[in-house]
S.K.: 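Please read through the structure below; I'll follow up with questions.
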Amino acid sequence: YVPGLDKGKGLYFLFVKSETRTPGGLLARPVLTSYYKSDHFKTRPYDPYNVYTSPNEAILCSDSFQSMYTQMLCGLIERHHVLRLGAVFASGLLRAIRFLQLNWPELAHDIQTGTLNSRITDPAIRSYMDKVLKSDPELAQFVTQQCSKDNWEGIITRIWPNTKYLDVIVTGAMAQYIPTLNYYSGGGLPLACTMYASSECYFGLNLNPMCKPSEVSYTIMPNMAYFEFLPHDPKPGSTSSKLVELADVEVGKEYELVITTYAGLYRYRVGDILRVTGFHNSAPQFHFVRRKNVLLSIDSDKTDESELQKGIENASKLLSEFNTSVVEYTSYADTTTIPGHYVIYGELLTKDSTNSPSHEVLNRCCLEMEECLNSVYRQCRVADHSIGPLEIRVVRNGTFEELMDYAISRAASINQYKVPRCVNFTPIMELLDSRVVSVHFSQELPHWTPERRR
Ligand code: AMP
């Protein structure tokens, strides 16, 4: 699809995550961490179509700052060889751009002097960089000149002028990042979504990778597992439990993916809702519709309604000491900041105004909520820094009633109205934001430990 990719390199931001143990003592880690740490990756044969600017030493370094710093530095050094930029998910590539915004002076300094930042302490990285880092004042000046501008529009194509496309997943929850990616790439670069996969199983490929993100379909690879499909009927109360075989799914219908894998998962519900768009031979092709029950997602985190509710309950315990309760709440995944973060809009009822919760207490409530969210969220916060501090925006009393009035004015039923637990419709966001009386953030990181042993 893209000629000449063997004549240059890919700047891919690839990372390993730390490993955990299941209560039964088994090693648990995401699929890419397994792959990068395996010999398949580490001793892969030379393939001119898959040459990365990032050295294995940087990809395999578990400290995310050192890893990112080195990968960015190598990408800058080889900027004319870079033909494509990528990360697994769109959020990862934007994090890299944000990293450049924050760290370009140090990167430019290293390029100017030919010495590696003392914050990079990993011996394998230092010894690799010793060989490739040379003083290049012209490049240092170029980086400084580009990065010190206030306007970062098109920064990707300015720094990496030979980029032919961006290789990132922008389907599903990642679609929210398309406008920002277009902004940083000057709007002209194709976005290629090549794969649909999970840690449990590889599912499918996009056989038309240069198509528009909204038109992406993934073709299931029938040899990867035993695939079955649970018809998904969004009408409340109607559940259909009869599984459909791979070749029998119907175009236009939505299904939940169910897999039986070689590793031993039996009729495992992945949690993804897919819509059939066609067939390649007898293998069905799917549009990724959404993840079931996920309200909030910034990176690899997936937070559902019950987890959010638990978080609110935990924060409410703190508020009850001040005779205050949460009347209503809703949430929003704010990706205008990089990294993105969760925003909770809450309406509070304070019974004793002489003893209302202080700013510090509400900051603490943010942390209490985070402590309750799942371990992938906390790992993203603590180890990967791919999610920013959770924010609570307190709205004035009566705001949620106004929200209901608004919904009813747009034909919602009074009887059946439910407060949406997640919002992203602009008029609703504007209404909520115009009623904000105070804003609070987590001041600390929640707890998260990489190794959990019995
Ligand atoms: P993980 O368990 O972290 O490997 O994540 C796997 C999940 O990520 C899948 O079940 C999907 O919900 C999501 N995912 C993976 N690939 C894609 C894709 N191409 N488009 C949308 N979502 C995806």
Side-chain angles (χ1 to χ4, degrees), residues 1-17 29-62 66-90 92-93 96 122 124-125 127-133 156-157 159-171 181 185 189-199 201-211 216 218-225 262 280 283:
Y1 290 92
V2 184
L5 288 184
D6 55 336
K7 307 285 182 300
K9 299 189 179 185
L11 167 49
Y12 280 82
F13 295 95
L14 306 175
F15 301 92
V16 291
K17 284 203 180 200
R29 57 189 183 187
V31 61
L32 291 173
T33 300
S34 290
Y35 173 58
Y36 300 143
K37 288 189 170 180
S38 74
D39 286 339
H40 291 289
F41 179 75
K42 286 195 286 195
T43 57
R44 61 197 183 277
Y46 177 76
D47 170 1
Y49 288 94
N50 273 312
V51 182
Y52 300 135
T53 54
S54 296
N56 288 2
E57 289 80 352
I59 295 170
L60 292 169
C61 172
S62 58
Q66 297 188 46
S67 174
M68 176 77 95
Y69 191 95
T70 312
Q71 298 194 49
M72 185 59 84
L73 187 56
C74 293
L76 291 172
I77 295 170
E78 298 213 66
R79 75 182 192 96
H80 286 296
H81 295 127
V82 171
L83 301 184
R84 51 195 169 136
L85 266 86
V88 180
F89 289 116
L93 186 55
D122 184 292
I125 294 185
S127 107
Y128 175 86
M129 292 308 288
D130 253 1
K131 285 177 255 153
V132 298
L133 186 60
I156 292 179
T157 34
I159 296 191
W160 295 281
N162 300 320
T163 311
K164 294 173 190 253
Y165 68 97
L166 302 182
D167 187 350
V168 279
I169 291 175
V170 285
T171 43
L181 280 177
S185 63
L189 287 181
L191 299 168
C193 287
T194 54
M195 63 169 177
Y196 169 43
S198 74
S199 297
C201 174
Y202 204 118
F203 306 130
L205 293 172
N206 178 3
L207 297 181
N208 184 17
M210 304 316 279
C211 71
V216 172
Y218 299 101
T219 305
I220 294 288
M221 292 186 281
N223 55 330
M224 284 292 167
Y262 293 104
H280 175 82

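If you're wondering where the values come from, they're calculated on a predicted model, not measured in any experiment.
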S.K.: Locate the shortest heavy-atom distance separating Val168 from Cys193; write the atom from each residue and the value.
M.R.: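 Nearest heavy atoms, Val168 then Cys193: O-SG, 3.6 Å.
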S.K.: Quick one, Tyr218 with Thr171, criterion side chain to side chain donor-acceptor pair (under 3.5 Å). Give me CA distance, side-chain angles, the key distance, then yes/no.
M.R.: CA-CA 10 Å; Tyr218 299 101; Thr171 43; 2.8 Å; yes
S.K.: Taking side chain to side chain donor-acceptor pair (under 3.5 Å) as the definition, give me every residue that meets it alongside Asp167, ordered by chain and number, with sequence neighbours left out.
M.R.: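 For Asp167 the side chain to side chain donor-acceptor pair (under 3.5 Å) partners, ignoring immediate neighbours, are Tyr12.
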S.K.: Nearest 0.5 Å, what's the OH-CD1 distance between Tyr202 and Ile220?
M.R.: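 It is 11.0 Å, given to the nearest 0.5 Å.
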S.K.: Please find the pair of heavy atoms, one from Leu14 and one from Tyr36, that lie closest to each other, and give the distance.
M.R.: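 Scanning both residues, the minimum pair turns out to be CD2-OH, 3.3 Å.
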S.K.: Taking all non-hydrogen atoms of both residues, which atom of Phe41 and which atom of Tyr35 are closest, and how far apart?
M.R.: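 Taking every non-hydrogen atom into account, CB-O, 3.2 Å.
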S.K.: Would the distance check show the side chain of Asp6 and the main-chain N or O of Pro48 forming a donor-acceptor pair, the cut-off being under 3.5 Å?
M.R.: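 Pair absent, no side-chain N/O of Asp6 close to backbone of Pro48.
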S.K.: side-chain contact (heavy atoms from CB on, under 4.5 Å) between Phe15 and Gln71: does it pass, once the steps are laid out?
M.R.: CA-CA 10 Å; Phe15 301 92; Gln71 298 194 49; 3.7 Å; yes
S.K.: List in chain and number order the residues that pass salt bridge (Lys or Arg N to Asp or Glu O under 4.0 Å) with Glu78, two or more places apart in sequence or in another chain; answer none if no residue qualifies.
M.R.: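 Partners of Glu78 by the salt bridge (Lys or Arg N to Asp or Glu O under 4.0 Å) criterion, ordered by chain and then number, come out as Lys9.
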S.K.: Holding to salt bridge (Lys or Arg N to Asp or Glu O under 4.0 Å), I want the full list of residues that pass it with Arg29, two or more places apart in sequence or in another chain.
M.R.: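 Per chain and number, Arg29 pairs via salt bridge (Lys or Arg N to Asp or Glu O under 4.0 Å) with Glu19.
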S.K.: Over all heavy atoms of both residues, which pair between Lys7 and Leu83 is shortest? Give the atoms and the distance, please.
M.R.: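 Reported closest heavy-atom pair: C-CD1, 4.0 Å.
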S.K.: Atom OG1 of Thr194 and atom CE of Met210: how far apart are they, to the nearest 0.5 Å?
M.R.: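 Rounded to the nearest 0.5 Å, the OG1-CE separation comes to 10.5 Å.
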S.K.: Evaluate the criterion side-chain contact (heavy atoms from CB on, under 4.5 Å) for residue pair Leu207 and His280; output intermediate values, then yes/no.
M.R.: CA-CA 9 Å; Leu207 297 181; His280 175 82; 3.5 Å; yes
S.K.: Provide the closest heavy-atom pair for Met129 versus Ile77 in the form atom of the first, atom of the second, distance.
M.R.: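 Met129 and Ile77 have their closest heavy atoms at CE-CD1, 4.3 Å.
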S.K.: What heavy-atom pair brings Thr163 and Trp160 nearest, and what distance separates the two atoms?
M.R.: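 Closest heavy-atom pair between Thr163 and Trp160: OG1-O, 2.6 Å.
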S.K.: So, the side chain of Arg84 versus the backbone of Gly10: is there a donor-acceptor pair under 3.5 Å, distance only?
M.R.: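 Pair absent, no side-chain N/O of Arg84 close to backbone of Gly10.
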S.K.: Spell out, as yes or no, whether a donor-acceptor pair under 3.5 Å connects the side chain of Ser67 to the backbone of Ala58.
M.R.: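 A pair under 3.5 Å: yes.
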S.K.: Of Leu11, Leu191, Leu85, Val88, which meets side-chain contact (heavy atoms from CB on, under 4.5 Å) against Leu93?
M.R.: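 That would be Leu85; it is the only one of Leu11, Leu191, Leu85, Val88 passing the side-chain contact (heavy atoms from CB on, under 4.5 Å) with Leu93.
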S.K.: Drop me the distance from Met224's CE to Tyr262's OH, to the nearest 0.5 angstrom.
M.R.: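 Between atom CE of Met224 and atom OH of Tyr262 there are 8.5 Å.
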S.K.: Does Leu32 offer a backbone N or O that forms a donor-acceptor pair with the side chain of Lys17 under 3.5 Å?
M.R.: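 No, Lys17 side chain to Leu32 backbone: no donor-acceptor pair under 3.5 Å.
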S.K.: Working to the nearest 0.5 angstrom, can you tell me the gap between Ile159 CD1 and Met72 CE?
M.R.: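 Answer rounded to 0.5 Å: 7.5 Å.
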S.K.: State, with a plain yes or no, whether a side-chain heavy atom of Ser198 is found less than 4.5 Å away from one of Phe203.
M.R.: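 Side-chain contact under 4.5 Å: yes.
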S.K.: Using modelled atom types only, decide if a donor and an acceptor are shared between the side chain of Ser199 and the backbone of Val31 within a distance under 3.5 Å.
M.R.: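 Looks like yes, one N/O pair under 3.5 Å.
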S.K.: Would you give the length of the straight line joining atom CG of Leu60 to atom OG1 of Thr33, rounded to the nearest 0.5 angstrom?
M.R.: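 Reported to 0.5 Å precision, the distance equals 9.5 Å.
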S.K.: Supply the atom-to-atom distance Tyr196 OH to Leu205 CG, rounded to the nearest 0.5 angstrom.
M.R.: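 Rounded to the nearest 0.5 Å, the OH-CG separation comes to 13.0 Å.
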S.K.: Does Gln66 reach the main-chain N or O of Cys61 with its side chain, forming a donor-acceptor pair under 3.5 Å?
M.R.: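 No, Gln66 side chain to Cys61 backbone: no donor-acceptor pair under 3.5 Å.
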